[in-house]
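Everything numeric here is computed off the predicted structure, so don't read it as measured data.
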Amino acid sequence: MGKVAVGAAVVTAAAVCAAAALVVRHRMKCSGKWAHAMAIVKDLEEKCVTPIVKLRQLGDAMDVEMHAGLASEGGSKLKMLISYVDNLPTGDEEGLFYALDLGGTNFRVLRVHLGGKEKGVISQEFEEVSIPPHLMTGSSDALFDFIASALAKFVASEPDGFLPPNGRQRELGFTFSFPVMQTSISSGTLIRWTKGFNIEDAVGEDVVAELTKSMERIGLDMRVAALVNDTIGTLAGGRFYNQDVIAAVILGTGTNAAYVERSHAIPKWHGLHPKSGEMVINMEWGNFRSSHLLLTEYDQALDAESLNPGEQIFEKLISGMYLGEIVRRALLKMAEEAEFFGDTVPPKLRVPFILRTPDMSAMHHDTSPDLKVVGNKLRDIFEISNTSVKTRKVVVELCNIVATRGARLAAAGILGILKKIGRDTVKAGENSKSVIALDGGLFEHYTKFRTCLETTLKELLGDETADTIVIKHSNDGSGIGAALLAASHSQYLGVDES
């Protein structure tokens with residue numbers, strides 16, 4: 001009996017030792033995987049670092065590219081498009097003006113009553129109309145007839161007493177957020193459709209002429225006074241309320257910037273110089289490219305797999321369409337190489353663009369002790385449950401790395417605009433303000449992004465100059481801005497009412 005007992009004890013001890021060894025090996029394996037995951041995070045952080053000296057180089061590069069784009073067509077990755085907007089609102093505009101904002105599967109029609117310096121915008125009304133899918137791939141006539149019909153219905157609800165005086169036409173600002181080659185303030189030919197539209201017989205045609213034909217067919221007496229994009233609308237909206245507005249930046253799903261240039265500083269401009277001496281330039285800055293923009297492996301893969309490889313590189317680093325996707329790609333690498341979410345890679349983690357930037361923002365802003373919001377987002381979006389607080393903290397850190405880089409790069413872009421127009425330093429005896437109108441969901445709703453952008457710009461400019469630069473949220477530029485530009489480019493400006 002004694003021998004059997006001793007033998008059993010030896011076996012048991014051996015089993016315990018083996019089990020302990022397994023636990024140790026498991027822990028070592030886990031700690032090794034965790035170390036590898038942390039190394040991936042550290043590598044991303046190092047490659048996304050944006051020291052002030054690097055941001056200043058980017059600002060200089062933006063300035064150089066702006067000069068090149070103004071000198072000749074195709075001279076730069078920045079298109080620097082002449083908008084033909086040479087009169088921004090002064091705040092004196094009065095009367096009733098309409099706007100049509102077409103930029104996706106819905107469009108909006110707006111009516112804006114302006115009361116000049118004393119009353120500003122007295123009232124504004126709008127309606128949103130959904131475009132039936134078959135019209136997005138049909139004929140040009142069918143689409144514009146549908147839009148004109150909706151516009152006519154909206155005009156029919158005009159308040160009493162607002163009939164145009166002396167048989168004058170109503171005037172409309174048309175925000176058309178598709179690629180257009182502008183030929184005047186109120187004309188431009190469609191280069192190509194995006195966002196699910198594909199109407200072949202409209203490509204190469206003047207979109208204002210197409211809309212005008214449709215309005216004439218149904219007897220709607222209305223003139224398109226201004227054809228603009230949303231960035232220029234934001235600039236106009238900002239200028240109406242504040243004459244110190246000199247530029248506008250959109251930071252939303254996409255990104256763009258526009259600013260006021262002296263007409264004599266545009267070598268490629270061959271027309272007569274406008275009386276105002278100014279011209280608004282649509283930079284199309286999403287296409288900015290520079291050797292100072294260092295791309296990570298995630299940025300390179302995202303670009304290579306995109307619909308427009310090699311294009312819109314700046315946009316792919318800073319705009320709302322892409323920030324969440326960069327975070328997803330980093331999480332996927334950690335899941336594949338370091339089993340960050342367990343033995344198997346969660347299938348949903350492989351789905352491109354499943355992590356939207358608003359969800360990334362919600363995780364980044366989570367202040368709960370156990371990061372409950374992060375846990376819920378990982379469960380709801382990726383079907384990853386039972387994550388530890390330690391894991392959630394790493395996810396927040398990834399969001400912080402990607403958002404911080406984007407915000408600081410956007411600040412460098414703004415520095416480039418200020419350099420180009422000589423507002424990056426304070427001249428002796430001058431104390432005028434330079435206001436930049438900013439719009440877009442990323443800027444408006446992603447608080448940490450917005451705060452980082454503003455503090456970085458101050459860091460780049462220094463205290464004295466920073467005190468003269470104001471970032472101002474300018475809401476709904478694409479709508480009300482178009483109506484304001486119709487007012488500032490009215491055919492009746494300076495004509496006596498009597």
How long is the straight-line distance from NZ of Lys316 back to CD1 of Ile313, given to the nearest 0.5 Å?
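The distance works out to 5.0 Å.
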Between the side chains of [Y] and [X], is the shortest nitrogen-to-carboxylate-oxygen separation below 4.0 Å, so that they form an ion pair?
X	Y	answer
Asp60	Lys419	yes
Lys77	Glu311	yes
Glu325	Arg329	yes
Asp206	Lys213	no
Arg108	Asp101	yes
Lys79	Glu65	no
Arg217	Asp141	yes

Taking atom types as modelled, is there a side-chain donor on [X] or [Y] under 3.5 Å from an acceptor on the other?
X	Y	value
Ser187	Ser184	yes
Asp230	Thr175	no
Ser140	Glu210	yes
Asn87	His489	no

Nearest heavy-atom pair of [X] and [Y]: which atoms, and what distance?
X	Y	result
Leu484	Ala236	CD1-O, 4.0 Å
Ala486	Gly173	CB-N, 3.5 Å
Ser474	Ala437	CB-CB, 3.7 Å
Cys452	Arg408	SG-CG, 3.8 Å
Gln243	Gly91	NE2-N, 4.2 Å
Gly310	Asp303	N-OD1, 2.9 Å

For a 4.5 angstrom cut-off between non-hydrogen side-chain atoms, does [X] reach [Y]?
X	Y	value
Asp439	His473	yes
Glu261	Met66	no
Leu102	Phe174	yes
Ile480	Gln124	yes
Ile266	Met279	yes
Thr468	Leu461	no
Leu442	Leu323	yes
Glu278	Arg262	no

Cationic tip of Arg192 within the cone over Phe178's six-membered ring, i.e. under 6.0 Å and within 45° of the normal?
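Not satisfied by the 6.0 Å and 45° rule.
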With a cut-off of under 6.0 Å to the ring centre and 45° to the axis, is Arg111 in cation-pi contact with Tyr98?
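Geometry flag: not set, cation outside 6.0 Å or 45°.
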Does atom CZ of Phe126 have more than 12 heavy-atom neighbours from other groups under 6.0 Å away?
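Incorrect, the count does not exceed 12.
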Around Lys268, counting heavy atoms of other residues, nucleotides and ligands shown, do more than 12 lie under 6.0 Å from its NZ?
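Enclosed: over 12 neighbouring heavy atoms sit under 6.0 Å from NZ of Lys268.
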Backbone N or O of [Y] within a donor-acceptor pair of the [X] side chain at under 3.5 Å?
X	Y	value
Asp299	Thr296	yes
Thr255	Ile250	yes
Glu315	Met321	no
Thr404	Ile401	no
His365	Ser361	yes
Gln312	Asn308	no
Ser290	Ala61	no
Ser319	Thr253	yes
Tyr298	Arg328	no
Ser149	Asp145	no

List the steps, then state whether side-chain contact (heavy atoms from CB on, under 4.5 Å) holds for Thr137 with Ile199.
CA-CA 5 Å; Thr137 54; Ile199 302 168; 5.7 Å; no
Only one of Tyr446, Phe449, Tyr322 forms a side-chain contact (heavy atoms from CB on, under 4.5 Å) with Thr357, so which one is it?
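The passing option is Tyr446.
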Side chains of residues 113-123: which donor-acceptor partners sit under 3.5 Å, not counting sequence neighbours?
from, atom 1, to, atom 2, distance (Å)
Lys117, NZ, Thr90, O, 2.7
Lys117, NZ, Asp92, OD1, 3.3

Check step by step if side chain to side chain donor-acceptor pair (under 3.5 Å) holds for Asn198 and Glu200.
CA-CA 6 Å; Asn198 187 17; Glu200 287 181 18; 4.8 Å; no
Table please: side-chain donor-acceptor pairs of residues 52-59 below 3.5 Å, with sequence neighbours left out.
from, atom 1, to, atom 2, distance (Å)
Arg56, NH2, Leu460, O, 3.1
Gln57, OE1, His292, ND1, 3.4

Working note: Leu317 + Leu295, criterion side-chain contact (heavy atoms from CB on, under 4.5 Å); need CA distance, chi angles, decisive distance, verdict.
CA-CA 9 Å; Leu317 296 174; Leu295 305 187; 3.9 Å; yes
Determine whether the aromatic ring centres of Trp285 and Tyr259 lie less than 6.0 Å apart.
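Ring-ring flag for Trp285/Tyr259: false, centres at least 6.0 Å apart.
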